[in-house]
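Worksheet: the structure to be examined is printed underneath.
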Amino acid sequence: MEAQAASALPAAPARHGAEAGFWRKYVFSTDHKVIAKQYLAIGLLMSVIGGFTAYLIRVELAWPGKPVMGWGSIAPGPYLGLVTMHGTIMVFFVAMPILLGAFGNFLIPLMIGAEDMAFPRINMLSVWTLVVASVLLLASFFVPGGAAAAGWTGYPPLSDVPSYTGGFWGLNLWLLALALEFSAFLMGGVNFITTAINLRTPGMTLWRMPLLVWLEITASALFLISVGPLVAGALMLLVDRIAGTGFYNPARGGDPLLWQHLFWFFGHPEVYVIALPGFGIMQEILPVFSRKPVFAYRTIVYSTIIAGFLSLVVWAHHMFISGMDPRLATPFSIMTILISIPFSIMVFAMIATLWRGSISFETPMLFTLGALSSFLVGGVTGIFLGSQTADIYLHDSYFVVAHFHYTLFPIVFFGGFAGIYFWYPKMFGRMLDERLGKIHFVLTFIFFNLTFIPLFFAGFAGAPRRIYYPFGYDFLKPLQPLHVLSTIGAVALLAGQLPFVVNFFLSMLRGQEAPDNPWHANTLEWTVASPPPHPNFPSPPTVVRGPYDYSLPGAAEDWVPQNRRLRTLAGA
Amino acid sequence: MLSAWFPTSVSTYGGQIDYVINLIFYVTAFWFVLVTAVLLFFVIRYRRRAGVPAAFVQGETGREVAWILVPAFLVLVCDLGIDAAGGRAWEAVKGPPPPAALTVQVMGSQFVWKFTYPGPDGRFGAGNDLKEDSLHVPLGQVVRLELQSEDVIHDFFVPDMRLKQDVIPGRTITAWFQATKPGTYEIACSQLCGPAHFDMRGELVVQTESEYQAWLKQERAAASAKTAASALPDRAQKG
């Protein structure tokens with residue numbers, strides 16, 4: 001019945017796209033695979049800019065007040081602009097385009113056996129909305145007064161009254177860019193969910209969907225639920241700034257805490273909007289390189305949904321010392337710490353997948369293991385900040401900076417790289433170079449840890465974040481070696497991405513041609529050519545089994561694609 | 001191990017906060033080491049070897065899922081322990097404060113802290129308030145702070161006291177502490193408040209009761225001399 005839906009729905013523009021000209025084929029395309037690559041391009045380009053802001057921030061922090069090589073002196077105002085833009089770019093314009101936009105778009109239709117997304121034109125609209133948002137955001141660097149400088153969390157009244165930060169258009173553009181970005185992923189999220197529910201090929205029951213699809217649509221659902229209030233909140237902040245309303249300005253009868261509630265009601269689920277697709281990538285790669293089924297598939301799905309619900313009711317753990325009623329802290333603290341249960345189930349399940357496997361260490365697997373082990377640090381340090389009492393001391397300190405980089409970096413970069421190394425052959429039809437990939441992994445893993453471990457200790461010593469020049473404080477002076485160490489790590493980490501850049505572009509031209517199924521994996525995207533033709537499947541495949549039948553007893557090989565019947569089991 | 005990095009606590013409740021942080025550190029360190037060790041062991045033990053196939057284990061039966069659910073249950077037990085310890089300490093620090101010997105009004109603005117002491121009668125706004133640039137308090141007394149902001153959100157942070165509290169314009173937020181050691185301590189703004197956020201440093205001086213009283217007396221005298229002096233040229237000009 002779903003097959004009818006698949007062929008009756010909007011396949012028409014996609015089919016015509018095959019013979020369309022350059023513009024319709026590569027630029028204003030409705031093909032989910034092209035759109036996925038566009039998202040990937042946006043994410044990777046923005047990560048270069050986000051990485052450069054990180055370079056400027058880190059060098060400034062190691063040698064405060066001194067000119068930064070390749071840039072020059074950074075004044076306190078522009079420094080805060082860099083900090084704000086770094087966070088905004090990395091979360092909204094790198095993590096989401098890569099983990100949701102690129103992998104979600106590329107993989108959801110292929111994995112469920114669909115020809116395209118449910119709404120291909122809306123899909124195109126969403127990617128181009130993101131392009132406009134990116135342009136607006138980058139333009140804000142060049143307006144008078146510089147980029148937004150109120151932190152990526154944009155707390156009013158600092159963000160509310162232009163004279164407090166000294167810039168007017170920077171923050172306005174930042175708000176517009178965010179509102180557009182949210183709209184782009186709203187459209188994307190509707191598309192993901194509709195596609196996964198309506199366009200599954202015959203036999204692709206919900207319980208046969210690859211985990212990545214489950215996690216992408218759970219993430220999208222969370223995004224749809226949580227982002228609405230913040231879009232409204234961002235527009236309220238914008239009219240406060242340009243039309244003189246006072247939603248957040250106490251001088252006009254408003255309340256600054258309202259923004260914090262709206263922001264974190266979205267902001268905390270947002271972490272899971274990013275984390276779940278990252279976990280999805282890891283869940284696809286672990287069984288392939290362990291030659292073993294995912295351990296406890298159903299339990300993982302249930303845990304994901306529970307974690308999603310919990311993430312909607314923990315936002316005030318960002319506000320323990322914000323001045324809200326202190327009696328609210330304990331319930332929020334308990335809910336927050338409870339999130340460790342579904343997440344530890346997911347992590348334990350990933351480790352159990354390795355148990356009695358036959359593990360090989362190709363680059364995608366190395367990045368997955370790197371993500372898993374680093375994310376552990378991010379997970380356990382989250383308990384400190386989830387505890388209302390520990391947060392009194394650690395709130396807004398470098399401990400927070402180290403913690404969220406240990407959650408987001410493993411997911412976005414280790415997870416993202418794992419996904420790129422794994423699906424690059426399917427996306428571009430060529431293999432990436434293994435040796436360069438391994439060098440890339442080793443450099444990234446070592447220098448990521450060198451960058452962020454020192455910051456935990458700066459946090460324990462009480463160092464507040466977003467401090468441009470620490471030498472005014474006696475208690476910060478002895479911590480300077482930690483910053484130097486972290487900066488050395490960060491510069492090496494950035495330099496360590498060169499092998500990837502070389503590999504990415506060189507392999508596109510000269511890489512070994514990819515077979516249909518280079519990793520001997522089971523999910524449907526590997527049953528079609530690399531890159532997949534247009535439309536994806538010559539005829540809708542019929543799925544007869546779950547996605548993770550690796551090392552199935554009685555099978556001739558240690559993998560069985562989801563649409564392959566086994567002779568021995570055919571009668572059963 | 002952690003305490004080496006912390007500034008020594010000099011408030012009555014600092015120890016309770018440090019206890020919770022240490023507790024979480026040891027609990028999470030245990031889990032982190034355990035899980036990492038198991039992960040490493042599996043990765044090495046089950047690396048691919050010729051002729052050794054992987055086992056087909058789906059983890060769907062109750063007995064198999066128990067391998068992850070039982071550890072998760074133990075995590076839950078640890079969580080509840082942390083919740084209990086944290087809840088108790090939070091109640092002591094941020095719950096209803098004990099009766100205070102001294103109340104000081106703290107005003108944050110871009111990018112300074114100002115302190116207002118009540119007049120000798122202990123009341124504010126009677127025309128004899130004392131304005132100060134640094135916060136002096138007597139040792140061992142409960143000090144109540146009434147935190148206010150003129151412009152944006154600031155955060156009143158005294159690392160040595162383990163006192164951190166956002167200050168919101170349009171509201172008065174109370175905080176308290178009781179110092180256990182005389183000395184001069186730094187006050188930092190810990191909430192991004194504008195370009196010179198890094199420069200919003202204040203000073204807290206904890207003095208013995210007699211030193212504090214002497215300081216107060218001297219400051220009051222200086223303040224009244226100052227008002228008298230500033231009134232004089234006024235009159236002279238008019239004359």
Side-chain angles (χ1 to χ4, degrees), chain A residues 76-77 151 155 157-158 164-165 250 256 290-293 295-296 299 321-323 326 329-330 333-334 337 340-341 344-345 348-349 351-352 354-360 373 376 380 383-384 387-390 392-393 395-396 457 460-462 464 466-469 472-475 551-553, chain B residues 2 5-7 17 20-21 24 28 31-32 35-36 38-39 42-43 46-48 52-59 65 67-68 71-72 75-76 79 82-83 86-87 89-90 93-94 151-153 159 162 164-166 168-171 173 186 188 190-199 201:
Chain A
Y155 280 10
L158 183 64
Y164 289 149
T165 53
S290 309
R291 313 309 299 165
K292 232 190 116 224
F295 190 88
T299 312
I321 60 159
S322 68
T330 300
S333 180
I334 292 171
I337 292 179
S340 64
I341 305 301
S344 56
I345 290 175
F348 293 158
I351 293 174
L354 299 170
W355 176 66
R356 293 180 63 195
S358 172
I359 304 166
S360 62
S373 56
L376 267 178
V380 297
I383 303 277
F384 289 79
S387 161
Q388 74 281 56
T389 302
I392 295 172
Y393 181 65
H395 187 85
D396 259 334
F457 292 98
F460 280 136
R466 294 165 170 170
I467 293 288
Y468 165 78
Y469 185 82
Y473 289 103
D474 290 330
F475 80 109
S551 302
L552 184 69
Chain B
L2 272 190
W5 286 92
F6 284 51
I17 294 174
V20 174
I21 297 176
I24 298 173
T28 54
W31 281 102
F32 174 72
V35 174
T36 308
V38 172
L39 174 63
F42 284 0
V43 164
Y46 300 110
R47 68 189 182 280
R48 185 161 302 170
V52 185
F56 185 76
V57 183
Q58 288 180 299
V65 179
W67 280 101
I68 57 175
V75 170
L76 175 66
D79 284 355
I82 290 169
D83 284 334
W90 175 266
V93 180
K94 299 278 183 185
D151 38 41
V152 302
I153 300 177
R162 308 291 189 267
K164 193 180 274 181
Q165 178 61 56
D166 276 10
I168 304 179
R171 298 188 188 200
I173 295 169
E186 293 183 297
S190 182
Q191 181 65 261
L192 179 58
C193 63
H197 164 59
F198 68 94
D199 204 21
R201 179 184 182 274

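Naming: A, B, ... by sequence-line order, numbering from 1 per chain.
Of the two parts of B:Ile173, only the side chain, counted from C-beta on, holds a non-hydrogen atom closer than 4.5 Å to a non-hydrogen atom of chain A. At a 4.5 Å heavy-atom cutoff, the contact between B:Arg201 and chain A is made by backbone and side-chain atoms alike. For a residue to count as touching a neighbouring chain, one of its non-hydrogen atoms must lie under 4.5 Å from one of that chain's; by this rule B:Ile168 touches chain A with the side chain only. Of the atoms belonging to B:Ile82, it is side-chain heavy atoms, and not backbone ones, that fall under 4.5 Å from chain A. Only the side chain of B:Val20 comes within contact range of chain A, with at least one heavy atom under 4.5 Å from a heavy atom of that chain. Of the two parts of A:Tyr155, only the side chain, counted from C-beta on, holds a non-hydrogen atom closer than 4.5 Å to a non-hydrogen atom of chain B. Residue A:Ser360 touches chain B through both its backbone and its side chain, counting heavy-atom pairs closer than 4.5 Å.
In terms of heavy atoms, B:Val43 sits closest to A:Ile359 at CA-CD1, 4.0 Å. The nearest pair of heavy atoms linking B:Pro195 to A:Pro76 is O-CB, 3.3 Å. Residue A:Ile341 comes nearest to B:Ala72 through the heavy atom pair CD1-O, 3.6 Å, listed as atom of the first residue, atom of the second, then distance. Between B:Ile68 and A:Ala352 the shortest heavy-atom distance is CG2-CB, 4.3 Å. Closest of all the heavy-atom pairs between B:Gly59 and A:Phe295 is CA-CE1, 3.6 Å. B:Pro169 and A:Pro157 get closest at one heavy-atom pair: CG-CG, 3.5 Å.
With sequence neighbours left out, the ring-ring contact (aromatic ring centres under 6.0 Å, His included) criterion links A:Tyr473 to A:Phe475.
One N or O on the side chain of A:Thr389 and one on the backbone of B:Trp90 form a donor-acceptor pair closer than 3.5 Å. Checking side-chain atoms of A:Ser358 against main-chain N and O of B:Ala54 turns up no donor-acceptor pair under 3.5 Å. Judged by distance alone, with hydrogens and angles left aside, the side-chain atoms of B:Glu186 form a donor-acceptor pair with the main-chain N or O of A:Asp474 at under 3.5 Å. B:Lys164 places no side-chain N or O within donor-acceptor distance of the main-chain N or O of A:Ile321, the cut-off being under 3.5 Å.
Interface check for chain B: of the options A:Gln388, A:Lys292, A:Arg291, A:His395, the most heavy-atom pairs under 4.5 Å are formed by A:Gln388. Between chain B and the residues A:Val380, A:Leu158, A:Ile467, the largest count of heavy-atom pairs under 4.5 Å involves A:Leu158. Counting heavy-atom pairs under 4.5 Å between each of B:Pro53, B:Gly170, B:Pro159 and chain A puts B:Pro159 at the top. Residue with the most contacts toward chain B among A:Pro256, A:Gly462, A:Pro326: A:Pro326 (heavy-atom pairs, distance under 4.5 Å). Heavy-atom pairs under 4.5 Å with chain B peak, among A:Ser290, A:Ser340, A:Gly151, A:Gly77, at A:Ser340. Per-residue heavy-atom pair counts under 4.5 Å with chain B were compared for A:Thr299, A:Ile383, A:Ile392, and the maximum is reached by A:Ile392. Residue with the most contacts toward chain B among A:Ala390, A:Pro293, A:Pro250: A:Pro293 (heavy-atom pairs, distance under 4.5 Å). Of all the listed residues (B:Asp199, B:Val52, B:Val35), the one sharing the greatest number of non-hydrogen pairs under 4.5 Å with chain A is B:Val35.
Annotation: side chain of A:Tyr393 is in contact with side chain of B:Phe6 (closest heavy-atom distance under 4.5 Å). Between B:Leu2 and A:Phe460 there is a side-chain heavy-atom pair separated by less than 4.5 Å. Counting heavy atoms from C-beta outward, A:Phe384 and B:Thr28 have side chains that approach closer than 4.5 Å.
Here the CG-OG distance, from B:Leu39 to A:Ser373, works out to 6.5 Å after rounding to the nearest 0.5 Å. Atom-to-atom distance recorded for B:Lys94:NZ and A:Thr330:OG1 is 12.5 Å, nearest 0.5 angstrom. Rounding to the nearest 0.5 Å places CD1 of A:Ile351 at 8.0 Å from CZ of B:Phe42.
Relative ring orientation between B:Phe198 and A:Tyr469 is described as perpendicular, the plane-to-plane angle rising above 60° on a 0-90° scale split at 30° and 60°.
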